[in-house]
Number of protein chains: 2
Amino acid sequence: MPRIFVRMLSKTCEYGLRAMIFIAQHSRDGKRIGISQIAEGIDSPEHFIAKILQVLGRKGIVQSIKGPNGGFYLDEKGRKCSLATIVRALDGDDLFNGCGIGLRQCSPVHPCPIHDEFKKIREDIETMLEGARIGEFTEKLDEGLLFLKRN
Amino acid sequence: MPRIFVRMLSKTCEYGLRAMIFIAQHSRDGKRIGISQIAEGIDSPEHFIAKILQVLGRKGIVQSIKGPNGGFYLDEKGRKCSLATIVRALDGDDLFNGCGIGLRQCSPVHPCPIHDEFKKIREDIETMLEGARIGEFTEKLDEGLLFLKRN
DNA sequence: ATAATAAAAGACAAAAATGTCTTTTAATCG
DNA sequence: CGATTAAAAGACATTTTTGTCTTTTATTAT
Ligand code: FES
Ligand code: FES
């Protein structure tokens, strides 16, 4: 059973959240930030996050412009968008609805042994992710109180 | 981005927990339960859960006997074992330690933007899984108040 | 217009997780 | 003992996730 790593969110989603928070930090007053700088800034594979941002772009969650001086940026709406919105866009909402031990459907009338406790956890996760906004970390990132990569 | 399903625990771990709870229910007073009945009882691939139970068996978490009237069973210790023990045995403890948005290490002195909130969630999950025992669901399963598969 | 820039898109590759099948080993029963 | 039963183990296949590379499209600047 060579399990390497289990996580709550997929890599796709982790990169997506870090990238969006990074873009929020680096696209103030009309500036844009390029994909290679994003990749460097969050320590992640460039082409992979490019694809992730394309998905978010198609859904109107992030903005981008091609060509010289192009790059990614967030409008006011994007800056206020919750982390939950990003998670839903990339991972779907199974994290918020699925059964903790894999029953095909979570249902209170056909509950698994940990249904009540797990539902509570799921709701806490959702509350947390709904409550946090992409743009709210900018200042603390500037001040070096928060980080988006290891070093 | 064709994400099919995101879950907190791996399939391996989900099957493992369901199988162990099922074994607890069906191995009372010296009885044993065979792998094919377990597979049917929790609606999961037989050979796959066989492998999972082998891992748990090597770690002494589940008991088994070969041959006629053989099968899997739990001793008293196994029945009291927490769900967290199973999760750790199968998925490791990254779920209890890892950073929510994928920094290489979760650390309060080098926190990601959601460190505090995520730490709280992680601790709640751990508390829940530490608190629940494999054998505690037997009666309610018997009574049809809890379920380990869809139908 | 042409060249340069940068994202979008598509094809492909590698790794990991999940699932299946076959052979081997151990226990029981006649 | 030999036959049968059932788990253990090993090999392999499929699917999903993650990552890389190349080509295309759009924008800007000269
Ligand atoms: S049925 Fe399992 S969490 Fe609801
Ligand atoms: S650093 Fe991200 S959860 Fe602790």
Side-chain angles (χ1 to χ4, degrees), chain A residues 1-16 18-19 23 26-27 30-40 42-74 90-92 94 102, chain B residues 1-16 18-19 23 26-27 30-40 42-74 90-92 94 102:
Chain A
M1 264 334 93
R3 300 224 108 244
I4 300 304
F5 211 93
V6 172
R7 49 184 111 54
M8 193 154 323
L9 303 174
S10 66
K11 274 283 173 200
T12 296
C13 204
E14 290 178 350
Y15 290 152
R18 306 222 303 272
I23 294 169
H26 289 88
S27 70
K31 285 210 205 70
R32 289 135 198 181
I33 180 82
I35 192 75
S36 61
Q37 294 160 278
I38 298 170
E40 204 284 325
I42 68 172
D43 191 23
S44 63
E46 178 172 328
H47 294 284
F48 194 40
I49 59 171
K51 297 228 164 289
I52 295 167
L53 290 175
Q54 281 164 29
V55 172
L56 297 175
R58 277 184 226 115
K59 301 195 180 193
I61 299 174
V62 68
Q63 277 67 47
S64 66
I65 291 188
K66 291 181 180 179
N69 283 311
F72 293 87
Y73 64 99
L74 288 174
L90 295 175
D91 276 1
D94 302 299
Chain B
M1 268 330 94
R3 300 224 110 246
I4 299 302
F5 211 92
V6 172
R7 50 182 146 280
M8 193 153 325
L9 303 174
S10 66
K11 274 281 172 201
T12 295
C13 204
E14 290 178 350
Y15 290 151
R18 305 221 304 271
I23 293 169
H26 289 88
S27 71
K31 285 211 204 71
R32 289 137 198 177
I33 180 82
I35 192 76
S36 62
Q37 294 159 280
I38 299 171
E40 203 283 325
I42 69 171
D43 190 25
S44 62
E46 179 171 329
H47 294 282
F48 194 40
I49 61 171
K51 297 231 163 287
I52 295 167
L53 290 174
Q54 282 165 28
V55 172
L56 297 176
R58 277 184 226 116
K59 302 196 179 193
I61 299 175
V62 68
Q63 277 67 47
S64 66
I65 291 188
K66 293 181 179 180
N69 282 311
F72 293 86
Y73 63 100
L74 287 175
L90 296 175
D91 275 1
D94 302 299

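Each chain gets a letter, A, B and so on, in the order the sequences are listed, and its residues count up from 1.
- Distance B:Leu90 CG to C:dT18 P: 11 Å, rounded to the nearest Å.
- Side chains of A:Ile61 and A:Leu74 form no contact here, defined as non-hydrogen atoms less than 4.5 Å apart.
- One axis for each end of the helix from C:dA1-D:dT30 to C:dG30-D:dC1, each built from five base pairs, and the angle between them comes to 0° at 10° resolution.
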Please table the atom pairs, donor to acceptor, closer than 3.5 Å between any side-chain atom in residues 62-69 of chain B and protein atoms at least two apart or in another chain.
residue	atom	partner	partner atom	Å
B:Gln63	OE1	B:Asp75	N	3.2
B:Gln63	NE2	B:Asp75	OD2	3.4

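- Computed from coordinates, the A:Ile42 CD1 to D:dG19 P distance equals 11 Å when rounded to whole Å.
- In this structure, A:Phe48 places its CZ atom 16 Å from C1' of C:dG10, rounding to the nearest Å.
- One finds the CE atom of A:Met8 at 10.0 Å from the CD atom of A:Glu14 (value rounded to the nearest 0.5 Å).
- Here the P atom of nucleotide C:dA8 and the CD1 atom of A:Ile49 are 12 Å apart, to the nearest Å.
- For A:Thr12, a side-chain nitrogen or oxygen approaches OP1 or OP2 of D:dT18 to under 4.0 Å.
- A:Asp91 approaches A:Cys13 most closely through the heavy-atom pair OD2-CB, 3.3 Å.
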Could you list all N or O pairs between the protein and nucleotides 3-7 of chain C that sit under 3.5 Å apart?
residue	atom	partner	partner atom	Å
C:dA6	O4'	A:Gly67	O	3.2
C:dA7	OP1	A:Ile35	N	3.1
C:dA7	O3'	A:Ser64	OG	3.3

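- Closest-nucleotide positions on DNA chain C for B:Arg32 and B:Glu46 were compared, and the one nearer the 5' end corresponds to B:Glu46.
- The NE2-P distance, from B:His47 to D:dC12, rounds to 16 Å in whole Å.
- Here D:dA7 presents its C1' atom at 11 Å from NZ of B:Lys51, a figure rounded to the nearest Å.
- Rounded to an integer number of Å, the gap from A:Tyr15 OH to D:dG19 C1' is 8 Å.
- Backbone-only contact: B:Arg58 has heavy atoms under 4.0 Å from sugar-phosphate atoms and none from a base.
- Atom CZ of A:Phe72 sits about 9.5 Å away from atom CG of A:Leu56, to the nearest 0.5 Å.
- The CD1 atom of A:Ile52 lies 10.0 Å from the CZ atom of A:Arg18; values are rounded to the nearest 0.5 Å.
- What you find for B:Ala19 and B:Ile38 is that their closest heavy atoms are CB-CG2, 4.0 Å.
- Straight-line distance from the CG atom of B:Leu53 to the C1' atom of D:dA8: 12 Å, rounded to whole Å.
- Within the model, atoms CZ of B:Arg58 and CD of B:Gln54 stand 6.0 Å from one another, a figure rounded to the nearest 0.5 Å.
- The two atoms that bring B:Ile23 and B:Tyr73 nearest to each other are CG2-CA, 3.7 Å, heavy atoms only.
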